[in-house]
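All residue numbers refer to positions in the sequence shown, counting from 1. All values below were derived from every heavy atom in this structure, side-chain atoms included, with hydrogens, water molecules and symmetry-related copies excluded.
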Amino acid sequence: MEDSPQRALQGLGSFPWYVGGTQVLGLACVVITGVWMGSYHGGYAWDGSGQEFNVHPLCMVLGLVFLYGDAILVYRVFRNESKRNVKILHAVLHLLALIISIVGIVAVFDFHNHNKIPNMYSLHSWCGMLTFVLFCVQWLMGLGFFLFPGTLMALRSWYLPLHVFFGLAMLAMSLATCLLGISEKLFFSIQHTYSQFVAEGILGNMLGLLLVAFGILVGYVVTREDFRRPPHPEEEALSVHFKTLTEGGGSPTSP
């Protein structure tokens, strides 16, 4: 038991490398998506053409993968900052991810409608819409339970494990949807040459592997006990005082 603090400190020595790895992988995913749509499919526009469709994958990878993953990590990265400030940053990153994702969704629907292509017929689109709707619900519930002071501590303690679980589950859903979208795009674009290991196919496959690696590394950082945000005495005292006034109970669970 006496060695536990020392082991925790030793574990934190690798923490910056893991966090840096998530950022390298996440940025690589965004850049490769941008290069793929820009170099192989004509770039970006907002005119109902295939170039408007290209906005969709870039926005979804940037919003519902990279920014969403970073929003999950902020409680680990900003370990010594005020919890309220970290909560605000967590909510703002989610808001940015939401806005960018809305742009991506509007782009693909507008492209489909302009070209008389049916909407919402593929497994990719079903998974994507389910992920987006759950993301919106999760964000709104997070605001209600954790950012506003009027919520009872008992409700926060009850919802916290669900919030953490669904946060990671939706990152996994986002990544799975991206993998479905990559496969769908490759089959639509290079169906007859995909099996010949053409450059576009290799690029798309590499993007898929990097997305999986990003998700695994984010999940590892978030779930590793050594990397949890340490308890802050002033925050715990405030929480205990607030709970005593409202419920007469003990200390709530910390995220």
Side-chain angles (χ1 to χ4, degrees), residues 22 26 59-106 109 126-178 215 218-219 221-223 225 227-255:
T22 64
C59 285
M60 304 319 284
V61 170
L62 176 59
L64 281 186
V65 175
F66 181 52
L67 288 177
Y68 184 56
D70 276 0
I72 293 175
L73 288 172
V74 293
Y75 281 102
R76 302 294 183 265
V77 174
F78 299 101
R79 302 168 52 80
N80 299 311
E81 298 296 326
S82 162
K83 185 179 287 187
R84 180 166 181 81
N85 291 339
V86 179
K87 285 181 181 179
I88 292 172
L89 178 60
H90 181 74
V92 168
L93 285 174
H94 274 99
L95 179 60
L96 288 174
L98 176 63
I99 292 171
I100 292 171
S101 301
I102 290 173
V103 173
I105 290 174
V106 170
F109 272 92
W126 287 21
C127 291
M129 189 56 66
L130 176 61
T131 302
F132 178 74
V133 170
L134 289 176
F135 172 78
C136 293
V137 172
Q138 171 92 338
W139 186 73
L140 291 173
M141 292 186 71
L143 284 180
F145 277 97
F146 299 120
L147 202 57
F148 296 115
T151 307
L152 291 177
M153 197 63 65
L155 289 177
R156 292 185 181 183
S157 298
W158 167 79
Y159 179 64
L160 177 61
L162 294 175
H163 187 75
V164 173
F165 169 77
F166 280 107
L168 288 173
M170 280 185 288
L171 178 61
M173 291 173 65
S174 296
L175 292 167
T177 303
C178 286
V218 169
V221 171
V222 171
T223 57
E225 192 65 26
F227 297 163
R228 286 181 62 86
R229 176 183 170 88
H232 290 221
E234 68 279 5
E235 292 175 356
E236 288 195 339
L238 182 61
S239 296
V240 171
H241 177 64
F242 179 77
K243 187 169 184 180
T244 301
L245 289 176
T246 55
E247 303 171 30
S251 176
T253 304
S254 176

Please evaluate residues Ser101 and Phe135 with respect to the criterion side chain to side chain contact (heavy atoms under 4.5 Å, CB included), reporting the C-alpha separation (whole Å), side-chain torsions for both, the decisive distance (0.1 Å), and the verdict. CA-CA 10 Å; Ser101 301; Phe135 172 78; 5.6 Å; no
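To the nearest 0.5 Å, atoms CG (Leu171) and CZ (Phe166) are separated by 14.5 Å. Between the CE atom in Met129 and the OG1 atom in Thr177 there is a gap of 11.0 Å [rounded to 0.5 Å]. Ile88 contributes atom CD1, which lies 12.0 Å from atom CD of Glu81 (distance to the nearest 0.5 angstrom). To the nearest 0.5 Å, atom CE of residue Met60 and atom OH of residue Tyr68 are 12.5 Å apart. Atom-to-atom distance recorded for Met170:CE and Leu175:CG is 12.5 Å, nearest 0.5 angstrom. For the atom pair SG of Cys59 and CG of Leu67, the computed distance is 10.5 Å after rounding to the nearest 0.5 Å.
Side-chain contact check for Phe145 versus His163: every heavy-atom pair is 4.5 Å or farther apart. Annotation: side chain of Val222 is not in contact with side chain of Phe227 (no heavy-atom distance under 4.5 Å).
Looking at His90, its side chain never comes within 3.5 Å of a backbone N or O of Val86 through a donor-acceptor pair. Side chain of Arg228 to main chain of Tyr75: no donor-acceptor pair is present (N/O by atom type, distance under 3.5 Å, no hydrogens or angles). In this structure, the side chain of Arg229 does not engage the main chain of Val74 through any donor-acceptor pair within 3.5 Å. With hydrogens and angles disregarded, no donor-acceptor distance shorter than 3.5 Å links the side chain of Arg76 to the backbone of Thr223.
Shortest non-hydrogen contact noted between Gly69 and Val218 is O-CG1, 4.2 Å. Here the closest heavy-atom approach between residue Cys136 and residue Leu98 is recorded as SG-CD1, 3.5 Å. When all heavy atoms of Leu168 and Gly219 are compared, the closest pair comes out as CD2-CA, 4.4 Å.
Applying the ring-ring contact (aromatic ring centres under 6.0 Å, His included) test to Phe66 and every residue at least two apart in sequence or in another chain returns nothing.
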